[in-house]
Amino acid sequence: MGAYQYLQPLDRHNLKPSSKNPAGCFLSKPVCAWLACGFLSLALFHLLCCSPAGGQRAAAFSPLLSYIDSTYSFVSSVPAGGAAKSCNYSEGQWVWAPGHARRYNATECNVKESHDCIRNGRPDTGYLDWRWQPSAAGCPLPAFDARAFLSALRGKHVAIIGDSMARNQAQSLVCLLGAAFPPRLLHRDEGQQRHNFWRYAFPAYDVTVSFYWNPFLVRATGKAEDERIPYSHVHLDQPGDRWAADADTIDVAVLAAGHWLLNGAIYYNGSAVVGAHNAPPELNYTGVGYAWPLRMVYRTAVERLSAGGRPRTLVLATFSPAHFDGSSFDSPTACTKMEPYREGEKELAWICREVRDIVYDEAAEAGRSRAGGATRIEVLDVTKLATMRPDGHPGVYMNRDPFKHGVPDRVFSDCLHFCLPGPVDTFNEILLQILRKRREMGGYLQPLDPQGLKPSSKNPGRSLSKRTCAFLTCSFLSLALLHLLCCSPAGTQRAAIVSPLLNYINSTYSFVSSVPGEGRRNCNYAVGTWVPAPGHARRYNATECNAKESHDCLRNGRPDTGYLDWRWQPAGCPLPAFDADAFLSAVRGKHVAFIGDSMARNQAQSLICLLSAAFPYRLLYRDPSPRQFNNWRYAFPSHGVQVSFYWNPFLVRATGKAEDETVRDNHVHIDEPGDRWGADADTIDVAVLAAAHWLLNGAIYYNGSGMIGAHGHPEIKDTGVGYAWPLRMVYRTAVRRLMSSPAARPRTLVLATFSPSHFEGKPTNDTMACAKTEPYKEGEKEMEWMYREVRDIVYDEAAAARARISGDGAASKTRIEVLDVSKLASKRPDGHPGIYMNRRDPAANDGGAPGKVPYSDCLHFCLPGPVDTFNEILLQILRKVYKPLDPHNLPMKPSSKNPGCFVSKPACACLAVAFFSLALLHLLCCSPPGIQQAAFSPLLRYINTTYSFVSSAPGGAAKSSSCNYSEGEWVAALGHARRYNATECNAKESHDCIRNGRPDTGYLDWRWQPSSGCPLPAFDAGAFLSAVRGKHVAFIGDSMARNQAQSLICLLSAAFPHRLLYRADDPHKHNFWRYAFPTHDVRVSFYWTPFLVRGRGKPEDDSVRYSYVHLDVPGDRWAADADTIDVAVLAAGHWVLNGAIYYNGSEAIGAHNAPPEFGDGNYTRVGYAWPLHMAYRTAVERLSSDGRPRTLVLATFSPSHFEGNPIDSPTACTRMEPYREGEKELEWIFKEVRDIVYDEAATARAKHDDGGGAVRIEVLDVTKLAGMRPDGHPSVYMNRDPFKNGVQDKMFSDCLHFCLPGPVDTFNEILVQLLKKNR
């Protein structure tokens, strides 16, 4: 079988013991890998601690030690000492490294436009193909590793402070990190200043990165704030206002200055002028040069950042020179060199050396003066490496397409900053190494050295660092902890020891246990007071999380932000701040739905903002404008959570004003739940119901078809029912629907109380409405009786629902809770948008009329704002299941067998892992095969599924293929293909049928059922990415290959965050692109190559009439990347059927469907079959030529369904459901093309997949399943709203590609199974 062979999945029906262990050993590698962890920990501990040091141990553990150092490195901000300098990165040379800097798309990470050279049209990109090689022997500079950087700074705030070169580095850092981990923009200054201050968060590691524009590091006015002012006024003794205010929050600061000091300024100490540099002579100031002010500004900045005793790392960056080299800044020939300087080719200017020396001097002085303190000082020396890169600047490409009107005499050039991506990325590569540098005991710990493990005098084998010990002692700690919890006597001592642990367990393992009853109330959050808490509600940027514009008060210009500086303090117990991870853990795998009026929406949007500030999310659906805020759903893939909002202001079905504001009356059917949420009710796990405002306003009420009363309609005689009875009825109807799931679904229903408005007698267009700027104090404002009555109704209905649960076994899995926000909301008149529901200068919207504006909002709350507290309480409600373990009151009721056992279920679940592993190992290895082993079939299936992978190793055909997915039928499966929003995942517009207005969506309600008796599992994004972890998947071929590739991106991105690494420019943006999925280190690319081989003419330009195809040359673009591809999906056929002129080398060897003017005598008619054979053969040959383990998947032909209609017929492919078996025969030509693919796969296996090579060949046969789906094409809905001007005689239809989502998703369901198929 060769060097490799595929593992067979565990077969629970045929468990075979080995000859040596007849008792029943049947472990596969995946099972062993899981179960051996406990033994491995013990063995590793023994080996590291007790075996003699030496080369053998070092060699064996070198990879492990490197991994531990890499994974657990961190910025240990401890007192300064001698830095452990093992590498000098400041000296070296640039060496050729193709593609080294091609690591992100600068447009995607919102860099300054003038630094985005590729977007601006710079044609040469060779500047991206160099890396910095330090001179020190054996000291390479590793490529930037985003995970290592974020691990090194977990939980910290990184601030880059300085001039525009500091900003250049800061933007590079955000791009490098953002290409691997999803960032969140927390704040950015607006307008012209938007690049002057900003802050991003990387929630996966709780890291924030900020940039503070401060070109002198200290406070400066004048030119530093406004370019039109001729001079800067610099206060050498005062740190910059903005960063100094945040200094106590900063853990790592990178300081970079110099350029503005060289230009000159007027300097102050206090209010006195102490001198100037390059000041105009008429000012008559003492010339102080640039050196002394530069020393002073670094000194002041370091002094401020060393205050307060906070452990902190300060990195002083040296000067990065410009490369104008005598050219003026408006010369089109400035910095046009195309490659780096070589060693000795360019001397460093003396002024650059002097500025660099000043930085080193100040770093040395800071280190001496702070020895023994909490601040660590480092130098980031980039002067020489930056000096040698004249080719890396934007030059004239700081402007978009600078030569589109020819070469101008004058055009501004940037020869100071670097292109992004570009050489400045190397600054951050060095920064990472600086931050990872540890010292020896008493300072930073040295990394483990696998070549020289040094035993202590007391233990000749001891080599463990703290991190290693922490990792390896887990097994011992588990056993000791279990003994302490279960077997030690209860009492104060035990409580004191385990109190932090119990708190952690209760916090971490809380969840929505949808069990009957009201649960235990430890805290009453409904009563309390608002207390000052600066910054408590400043937790997200509402603009970033797509909040309703009228609630985004900061964006709309509200000048006072004190309303964000309060927190709710319940009487008697604290209310914890919102914890996004705790919330998502509490509702893991569940669907949370907010149902109700605009206050329910206000809370729902608050929740989305709070969660998305910490975890990546995806918009799954949103109603089209203008109702885009009425119904929407988001997913949080990290926890499998969905959050929806359903606009239903009466909770039940209502027509009239509730649907159209221009209608006067509401017609409310109190016996029918709302249509939209009622249809989805069986999918909802947690429902938050909020209504009342619209019922107070009035409506006409119906029961069935009969009107039973009205409120607020005096013209309807003798039918006044008020608001109280209808409110009770609508809650009753909603709760009844949510308790009536056929499967008795466990569910938590949360009834929210009324949140009052604060118009307080003022009209809605009064500027003084809700203008108060702080909360009401206790007793200052009484809640109106009406609001109390509405609150009481909610409590009554919750109690009635609980009573029904206790008497109804079918509903016993429903839990009823009340979210009482009435009092806390009534005390916050300051938290509403008021006039700032409108964008900027709202008082000017009425022609300047004093005191009048269009509207004020005194009902909803600003986002962020008081409504966030609603979700803080909601979290506590959802986490409330059992009474948490109380370390001060541990249960004192021991069992007769164990006098001290008091372990809760969460603790047991956590602590029993070690024992369970041993028991499972014994059962699997030592019990006789049969019933006991069969009981583990679910576990075995899980292990096989979870740990399947693309083993691109040699071997013959897949001998264990038990499923043939090519034959089968389409069966009804409601919603099977409704898995993503094609607009969100940037699908080709002509395939986005729902966006384009296709009214029927039944084509999404079918799934493929193979005939072989085995089901085809729904697409599992986690399984796919696990199968191709660390690999590059490439789709190569025609537009059907693209259709499948875009389907794959959409399916994956609905569950995992992704990054666009590259996309070709318009109009070819869909012809080549590449995405990354950082969580699994997977890349997915599409290469437009409709013949698989090199094609000229029509494939490059649709206006050209013919294709010229070189059958012996693989496609240029994908062939250049072939050595990086691990999985290739090849799909061709349509263009070959259409015809072309074919070449071998430079010789035309034949044609198919050649035009008559070429003459029959000039070209041999070769048909389509032979060229298709040759194209596949050339492609496979290229992908098999380098020895790289690789899986090649040859996809068969996907037929079109024009079926005799012209492409401009509006009636083409209008069928509404799949063909049934036998209803439509597959055309002979499609069968022949399919057979060609099978033939070429067989030929390729014979040559490359014979058990000794590295290539695995598979066939993805989609011909029959695609041939049976005439209903799944866009047809006329390849265009947006095709019938908006009526039915035209001629309308282009697409009857080839499939809608997204649609049948093409099934191609990828089969692809997953092919990739997971082990041998």
Side-chain angles (χ1 to χ4, degrees), residues 63-81 83-87 89 103-104 134 139-161 166 169-183 199-211 249-255 305 310-317 374-382 424-441 443-449 465-471 1078-1079 1081:
L64 174 66
L65 300 179
S66 300
Y67 172 78
I68 292 172
D69 281 323
S70 171
T71 305
Y72 293 94
S73 61
F74 61 101
V75 180
S76 179
S77 302
V78 294
K85 294 188 173 72
S86 55
C87 279
Y89 298 113
R103 284 178 283 193
Y104 56 84
C139 187
L141 175 60
F144 187 86
D145 182 337
R147 186 185 300 277
F149 188 95
L150 292 172
S151 297
L153 295 164
R154 187 184 296 274
K156 301 192 185 298
H157 178 194
V158 182
I160 301 182
I161 305 166
Q169 181 181 355
Q171 290 188 311
S172 158
L173 179 61
V174 168
C175 291
L176 288 164
L177 296 175
F181 294 91
R199 179 170 296 154
Y200 284 88
F202 291 86
Y205 288 80
D206 189 23
V207 171
T208 52
V209 180
S210 302
F211 170 68
T249 72
I250 296 172
D251 300 287
V252 177
V254 180
L255 307 177
L305 288 163
R310 183 186 184 98
R312 187 176 284 120
T313 298
L314 307 186
V315 181
L316 280 57
T375 305
R376 169 189 172 195
I377 309 294
E378 297 286 350
V379 174
L380 172 60
D381 188 348
V382 299
V424 70
D425 297 336
T426 302
F427 295 17
N428 289 310
E429 291 177 335
I430 299 175
L431 177 63
L432 170 56
Q433 301 310 310
I434 289 173
L435 296 181
R436 297 176 71 184
K437 183 173 62 177
R438 304 172 180 176
R439 297 178 187 166
E440 297 178 357
M441 298 301 293
Y444 288 96
L445 295 171
Q446 292 276 3
L448 292 170
D449 180 3
S465 70
K466 290 182 180 179
R467 293 282 172 172
T468 311
C469 283
F471 206 74
T1079 54
D1081 189 25

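Everything numeric here is computed off the predicted structure, so don't read it as measured data.
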Any non-hydrogen side-chain atom of [X] less than 4.5 Å from a side-chain atom of [Y]?
X	Y	result
L431	Q169	yes
D251	L153	no
L305	L255	yes
Y205	R147	yes
V174	F211	no
R376	I434	yes

If every non-hydrogen atom of [X] is compared with every non-hydrogen atom of [Y], which pair is closest and at what distance?
X	Y	answer
H157	S210	NE2-OG, 2.8 Å
A166	I160	O-CG2, 3.4 Å
P203	P182	CD-O, 3.5 Å
A253	I161	CB-CD1, 4.4 Å
E429	A143	OE2-CA, 3.5 Å
R154	A204	NH1-O, 4.1 Å

To the nearest 0.5 angstrom, please state how far the [atom1] atom of [X] sits from the [atom2] atom of [Y].
X	Y	atom1	atom2	value
D381	L316	CG	CG	11.5 Å
L150	F202	CG	CZ	6.5 Å
K156	I250	NZ	CD1	13.5 Å
L380	I430	CG	CD1	6.0 Å
F181	L176	CZ	CG	12.5 Å
L432	S151	CG	OG	10.0 Å

Quiz prompt | Qualifying residues under ring-ring contact (aromatic ring centres under 6.0 Å, His included), relative to F144, sequence neighbours excluded | solution = F149
Self-check item: side-chain contact (heavy atoms from CB on, under 4.5 Å) partners of A180, counting only residues at least two apart
Solution: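 By the side-chain contact (heavy atoms from CB on, under 4.5 Å) rule, A180 matches A146, P1078.
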Quiz item: For T426, which residues count as a side chain to side chain donor-acceptor pair (under 3.5 Å) partner, sequence neighbours excluded?
Solution: none
